[in-house]
A.B. asks: 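Below you will find the structure I want to go over with you.
These numbers were taken from a predicted model, which means no experiment stands behind them. In what follows, chains carry the letters A, B, and so on, assigned in the order in which the sequence lines appear, proteins first and then strands, with residues in each chain numbered from 1.
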Amino acid sequence: MDFPENEKKSLNFIESIIEEDLTTNKNQGRVHLRFPPEPNGYLHIGHAKSICLNFGLANEYNGLCNLRFDDTNPEKEDVEYVDSIMEDIRWLGFQWDDGPKYASDYFQQLYEWAIQLIKEGKAYIDEQPQELISEQRGVPTRPGINSPYRNRPIEESLDLFTRMKNGEFETGAMILRSKIDMSSPNMHMRDPIMYRILHQTHHRTGDDWCIYPMYDWAHGQSDYIEGITHSVCTLEFEIHRPLYDWALDQIVEGDYRPRQIEFARLNLSYTVMSKRKLLQLVKDNYVNGWDDPRMPTISGFRRRGYTPESIRNFADRIGVAKRDNVIDVSLLEFSVREHLNQVAPRAMAVIDPVKVIITNYPENDVEDLELANNPNDENAGTRKVPFTRDIYIERDDFMEDPPKKFFRLGPDREVRLIGAYIIKCDGFKKNDNGIVEEIYCTYDPDTKSGGSGAKRKIKGKAIHWVSAENAIDAEVRLYDRLFIDENPDGHKEKDFKEFLNPDSLKVLNNCKLEQSLKSVVAGDKIQFQRLGYFCVDKDSTENMLVVNRTVPLRDSWGKTK
RNA sequence: UGUCCGAUGGUGUAAUGGUAGCACUGCAGAUUUUGAUUCUGCCUGUCCAGGUUCGAGCCCUGGUCGGACAACCA
């Protein structure tokens, strides 16, 4: 125990509400949440925050959490998105209770409630053109005016609504509005639209319906039907809450009633989060699909090599509150490094190779060295790595004329080859273009790792290497942030795409990996020592391994350079 | 000249009238066969003005600043 026994864990404001409700036995002490995505795009890291929140809360309070697709707009929705959303939630490690739900499951009930409202004189059919209706609605600072159809006879509205449903009118010809208050300071209360005509095939209900309920006439009711107690959503719905409550007032019987609670959505620095903008990046080929490793989508992070644990930890750390926030991407990167540091086996890879010839090493000898898979974790075991006369090292681990603080290879300098020997540079050869082609070294046979002279101190650091004869060829994809601006969509005069990072993807084709990596499969995560965490990409073929860099290691040298 | 919401270090987030804490970032240092990890230390904060109170980041009043709202989107 790190803390006194009666010290309470601090609660976020939603937990406080739930605990308060629990102590008053509200809704018979039930806790039932839901995650309600619209299937019109792929889930992103902002959704991950919401998913972790809702499912996490259910977990914490022994409650339930539904997955409900808010599929009331067939124009934008598609099963492709339904499938990807379910896959992403499962991957994150959550399970919804009792099968996926759909707002479209409730179309009949919603329709009947609408009829009830018409009969009660609380809803009417308006057949004015859209522009007129919008004009009459007024502006936030000025009240609207009543529609001339506002007081049309109930029988007439009933008849029209039935005919709307039966497909007698064209898309957009008329709407069903609730009769609330055209002078309300809250725009959403000015006789909001409940139903519109949409001759559009729905991905689940097909052509059963040609009228579709609006969000505000579906969401609270769906919550009510499912027995949701705490309906958690993002801040932009705050102003809808009076309408949410109004809709509930029309249908609630008994003590149970869901409550809407709003929290601030996640914003991440150096990225965009709006579905519309992400869709644009995909559709206009600025990235290679929704799961492009540069995308802030859950599938993008998955392909990039992020783990569900790291995303869940991230979600825990960012907290939940109502103030607008911009989370530094470095926190996400910290979370993934933290987890991968524990679980990713280490290996050596040279991504920008230059050949080193160890001139005093026997030409055809091969030594099988036994290296730890994770020097920080004995349980990770060991692997065999072949050592030979010709090896590759990283081009930037050698300098012809190195400064004092450069602790790697250079003329007359010594470095330790990780898990092998100390070598000393005796010379090098350049090609006609002045590029270093070969580096000549001698090794000190007494300094073999684990051997008697292994502890010999040198000024140089340890560097990674790969046996030239035994290397595996690979393509390495180096990803960097997609945008060069901290807040790409925060500029009024400039389109967010102007801030796209031209170097967000660098493909390296001449990379050399150690032999032990030949059996990796897509999704495997490895730390390439001194380089970063990498993940085998699904584009890999039998002939060419493709590896994504998830995130580089922290680099205090790179900063001081 | 509307309604609603918000304001704590560079970034997030706690403190629920009683010592402003934690994490990330940044900066130093120790250890290191990964310039990683690990460990240690440091920097930096209650939007402003009044009021209530023995005591206010917290309660009240007034300002300031920021966000949301005028789709037949969600």
A.B. asks: Using the glycosidic torsion, which applies to B:A23: syn (within 90° of 0) or anti (everything else)?
C.D. replies: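 B:A23: anti glycosidic orientation.
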A.B. asks: Between A:Ile318 and A:Leu417, name the one whose nearest nucleotide on RNA chain B is closer to the 5' end.
C.D. replies: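 Residue closer to the 5' terminus by nearest nucleotide: A:Ile318.
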A.B. asks: Show the distances under 3.5 angstrom between N or O atoms of the protein and N or O atoms of nucleotides 34-39 of chain B.
C.D. replies:
from: B:U34; atom 1: O2; to: A:Gln527; atom 2: OE1; distance (Å): 3.1
from: B:U34; atom 1: O2; to: A:Arg530; atom 2: N; distance (Å): 2.8
from: B:U34; atom 1: N3; to: A:Gln527; atom 2: OE1; distance (Å): 2.6
from: B:U34; atom 1: O4; to: A:Arg346; atom 2: NH1; distance (Å): 2.5
from: B:G35; atom 1: OP1; to: A:Arg530; atom 2: NE; distance (Å): 3.3
from: B:G35; atom 1: OP1; to: A:Arg530; atom 2: NH1; distance (Å): 2.7
from: B:G35; atom 1: O3'; to: A:Ser556; atom 2: OG; distance (Å): 3.3
from: B:G35; atom 1: O2'; to: A:Asp555; atom 2: OD1; distance (Å): 3.4
from: B:G35; atom 1: O2'; to: A:Trp557; atom 2: N; distance (Å): 3.4
from: B:G35; atom 1: N7; to: A:Arg408; atom 2: NE; distance (Å): 3.1
from: B:G35; atom 1: N7; to: A:Arg408; atom 2: NH2; distance (Å): 2.9
from: B:G35; atom 1: O6; to: A:Phe407; atom 2: N; distance (Å): 3.1
from: B:G35; atom 1: O6; to: A:Arg408; atom 2: NE; distance (Å): 3.2
from: B:G35; atom 1: N1; to: A:Lys405; atom 2: O; distance (Å): 3.0
from: B:G35; atom 1: N2; to: A:Lys405; atom 2: O; distance (Å): 3.4
from: B:A36; atom 1: OP1; to: A:Ser556; atom 2: OG; distance (Å): 3.0
from: B:U37; atom 1: OP1; to: A:Arg554; atom 2: NH1; distance (Å): 3.3
from: B:U37; atom 1: O2'; to: A:Asn341; atom 2: ND2; distance (Å): 3.0

A.B. asks: Centre-to-centre under 6.0 Å for A:Phe107 and A:His202, is that the case here?
C.D. replies: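 Centroid separation for A:Phe107 and A:His202: below 6.0 Å.
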A.B. asks: I need the single residue from A:Phe301, A:Tyr533, A:Phe314 that forms a ring pair (Phe, Tyr, Trp, His ring centres under 6.0 Å) with A:Tyr306. Which is it?
C.D. replies: A:Phe301
A.B. asks: Could you tell me how far B:U46 sits from B:U53 if I compare only their P atoms? Round to whole Å.
C.D. replies: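 Straight-line distance between the two P atoms is 26 Å.
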A.B. asks: Start with the C-alpha gap between A:Trp557 and A:Phe407, add the side-chain angles, then the distance that decides, and say whether ring-ring contact (aromatic ring centres under 6.0 Å, His included) holds.
C.D. replies: CA-CA 10 Å; A:Trp557 162 248; A:Phe407 298 122; 7.5 Å; no
A.B. asks: Can you name the salt bridge (Lys or Arg N to Asp or Glu O under 4.0 Å) partners of A:Arg259, sequence neighbours left out?
C.D. replies: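 Per chain and number, A:Arg259 pairs via salt bridge (Lys or Arg N to Asp or Glu O under 4.0 Å) with no residue.
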A.B. asks: Send over the distance from A:Glu338 CD to B:U25 C1', rounded to a whole Å.
C.D. replies: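 The answer, rounded to whole Å, is 15 Å.
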A.B. asks: Mind listing the N/O atom pairs, protein and nucleotides 68-74 of chain B, below 3.5 Å?
C.D. replies:
from: B:C69; atom 1: O2'; to: A:His188; atom 2: NE2; distance (Å): 3.2
from: B:C72; atom 1: OP2; to: A:Arg137; atom 2: NH2; distance (Å): 3.0
from: B:C72; atom 1: N3; to: A:Gly172; atom 2: O; distance (Å): 3.3
from: B:C72; atom 1: N4; to: A:Gly172; atom 2: O; distance (Å): 3.2
from: B:C73; atom 1: OP2; to: A:Arg196; atom 2: NE; distance (Å): 3.0
from: B:C73; atom 1: OP2; to: A:Arg196; atom 2: NH2; distance (Å): 2.7
from: B:C73; atom 1: O3'; to: A:Arg196; atom 2: NH2; distance (Å): 3.3
from: B:C73; atom 1: O2'; to: A:Asn73; atom 2: ND2; distance (Å): 3.0
from: B:A74; atom 1: OP1; to: A:Thr72; atom 2: OG1; distance (Å): 2.6
from: B:A74; atom 1: OP1; to: A:Arg196; atom 2: NH1; distance (Å): 3.3
from: B:A74; atom 1: OP1; to: A:Arg196; atom 2: NH2; distance (Å): 3.1
from: B:A74; atom 1: OP2; to: A:Tyr215; atom 2: N; distance (Å): 2.9
from: B:A74; atom 1: O4'; to: A:Glu38; atom 2: OE1; distance (Å): 3.4
from: B:A74; atom 1: O3'; to: A:Asp70; atom 2: OD2; distance (Å): 3.1
from: B:A74; atom 1: N6; to: A:His240; atom 2: NE2; distance (Å): 3.0

A.B. asks: What's the gap between B:C27 and B:G21 when it is taken at their P atoms, as a whole Å value?
C.D. replies: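 Per the computed distance, 24 Å lies between those P atoms.
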A.B. asks: With sequence neighbours left out, which residue pairs that include part of residues 191-204 of chain A fulfil the salt bridge (charged side-chain N to carboxylate O under 4.0 Å, His left out) condition?
C.D. replies: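 The answer is A:Asp105-A:Arg204, A:Arg150-A:Asp191.
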A.B. asks: Take atom CZ of A:Arg265 and atom C1' of B:G67, then tell me their distance rounded to the nearest Å.
C.D. replies: 12 Å
A.B. asks: Taking side chain to side chain donor-acceptor pair (under 3.5 Å) as the definition, give me every residue that meets it alongside A:Glu80, ordered by chain and number, with sequence neighbours left out.
C.D. replies: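 Per chain and number, A:Glu80 pairs via side chain to side chain donor-acceptor pair (under 3.5 Å) with A:Tyr42.
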A.B. asks: With rounding to whole Å, what would you report as the distance between B:G12 and B:A30 at their P atoms?
C.D. replies: 34 Å
A.B. asks: Would you find more than 12 non-hydrogen atoms of other residues, nucleotides or ligands less than 6.0 Å from A:Arg395 atom CZ?
C.D. replies: yes
A.B. asks: Hey, what do you get for CD1 (A:Ile180) to CH2 (A:Trp246), rounding to the nearest 0.5 Å?
C.D. replies: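 These two atoms lie 4.5 Å from each other.
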A.B. asks: Starting at atom CD1 of A:Ile458, determine the distance to atom C1' of B:U32, rounded to an integer number of angstrom.
C.D. replies: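 Spelled out: CD1 on A:Ile458 to C1' on B:U32 is 13 Å.
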A.B. asks: In whole angstrom, give the distance that lies between atom CG of A:Asp316 and atom P of B:A14.
C.D. replies: 13 Å
A.B. asks: Under the salt bridge (Lys or Arg N to Asp or Glu O under 4.0 Å) rule, collect the residues that match up with A:Asp480, sequence neighbours excluded.
C.D. replies: none
A.B. asks: When rounded to the nearest Å, what value does the distance between P atoms of B:G41 and B:A23 take?
C.D. replies: 11 Å
A.B. asks: With A:Glu168, which residues qualify under salt bridge (Lys or Arg N to Asp or Glu O under 4.0 Å), at least two apart?
C.D. replies: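 For A:Glu168, the residues satisfying salt bridge (Lys or Arg N to Asp or Glu O under 4.0 Å) (neighbours in sequence not counted) are A:Arg163.
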A.B. asks: Taking A:Phe528 as the fixed residue, which of A:Leu553, A:Leu517, A:Val350 is the one that meets the side chain to side chain contact (heavy atoms under 4.5 Å, CB included) rule?
C.D. replies: A:Leu517
A.B. asks: Please work out if A:Ala218 contacts a base, only the sugar-phosphate, or nothing of the nucleic acid, heavy-atom cut-off 4.0 Å.
C.D. replies: nothing
A.B. asks: Run the salt bridge (Lys or Arg N to Asp or Glu O under 4.0 Å) test against A:Glu262 and tell me which residues pass, sequence neighbours left out.
C.D. replies: A:Arg241, A:Lys322
A.B. asks: Could you tell me the separation between the CZ atom of A:Arg142 and the C1' atom of B:U3, rounded to a whole number of Å?
C.D. replies: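 Result: 14 Å.
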A.B. asks: Please state how far atom CZ in A:Phe387 lies from atom C1' in B:U33, giving the value in whole angstrom units.
C.D. replies: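 Answer to the nearest Å: 14 Å.
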A.B. asks: Between the protein and nucleotides 15-24 of chain B, which nitrogen or oxygen pairs come in under 3.5 angstrom?
C.D. replies:
from: B:C24; atom 1: O2'; to: A:Ser330; atom 2: OG; distance (Å): 3.4

A.B. asks: Tell me every residue that passes side chain to side chain donor-acceptor pair (under 3.5 Å) with A:Lys461, counting only those two or more places apart in sequence or in another chain.
C.D. replies: none
A.B. asks: Give a yes or no on whether a donor-acceptor pair under 3.5 Å exists between the nucleobase atoms of B:U1, that is its base, and the side chain of A:Thr141.
C.D. replies: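 No, no donor-acceptor pair under 3.5 Å.
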A.B. asks: Using side chain to side chain donor-acceptor pair (under 3.5 Å) as the criterion, list what pairs up with A:Tyr244, not counting sequence neighbours.
C.D. replies: A:Asp223
A.B. asks: With nearest nucleotides of RNA chain B determined for A:Gly450 and A:Ile327 from heavy-atom distances, which residue corresponds to the more 5′ nucleotide?
C.D. replies: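 That would be A:Ile327.
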A.B. asks: Take atom CG of A:Asn267 and atom C1' of B:U13, then tell me their distance rounded to the nearest Å.
C.D. replies: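 The answer, rounded to whole Å, is 16 Å.
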A.B. asks: Any Lys/Arg nitrogen of A:Lys384 or A:Asp368 sitting under 4.0 Å from an Asp/Glu carboxylate oxygen of the other?
C.D. replies: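 No, this pair does not count.
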A.B. asks: Output the rounded distance in Å from CZ (A:Arg241) to C1' (B:G6).
C.D. replies: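 The distance from CZ of A:Arg241 to C1' of B:G6 comes to 13 Å, rounded to the nearest Å.
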A.B. asks: Any chance you could encode RNA chain B as dot-bracket? Rule is Watson-Crick or G-U wobble with both distances under 3.5 Å; [ ] for pairs crossing earlier ones, | for another strand.
C.D. replies: .((((((..((((....[..)))).(((((.......)))))....(((((..]....))))))))))).....
A.B. asks: Suppose you measure atom P in B:A7 against the same atom in B:U61; what distance do you get, rounded to whole Å?
C.D. replies: 16 Å
A.B. asks: For the P atoms, the ones on B:C42 and on B:U1, what distance do you get once it is rounded to whole angstrom?
C.D. replies: 49 Å
A.B. asks: Can you check the distance between B:G66 and B:G57, where both ends of the measurement are the P atom (answer in whole Å)?
C.D. replies: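 Pairwise P distance, B:G66 against B:G57, rounds to 25 Å.
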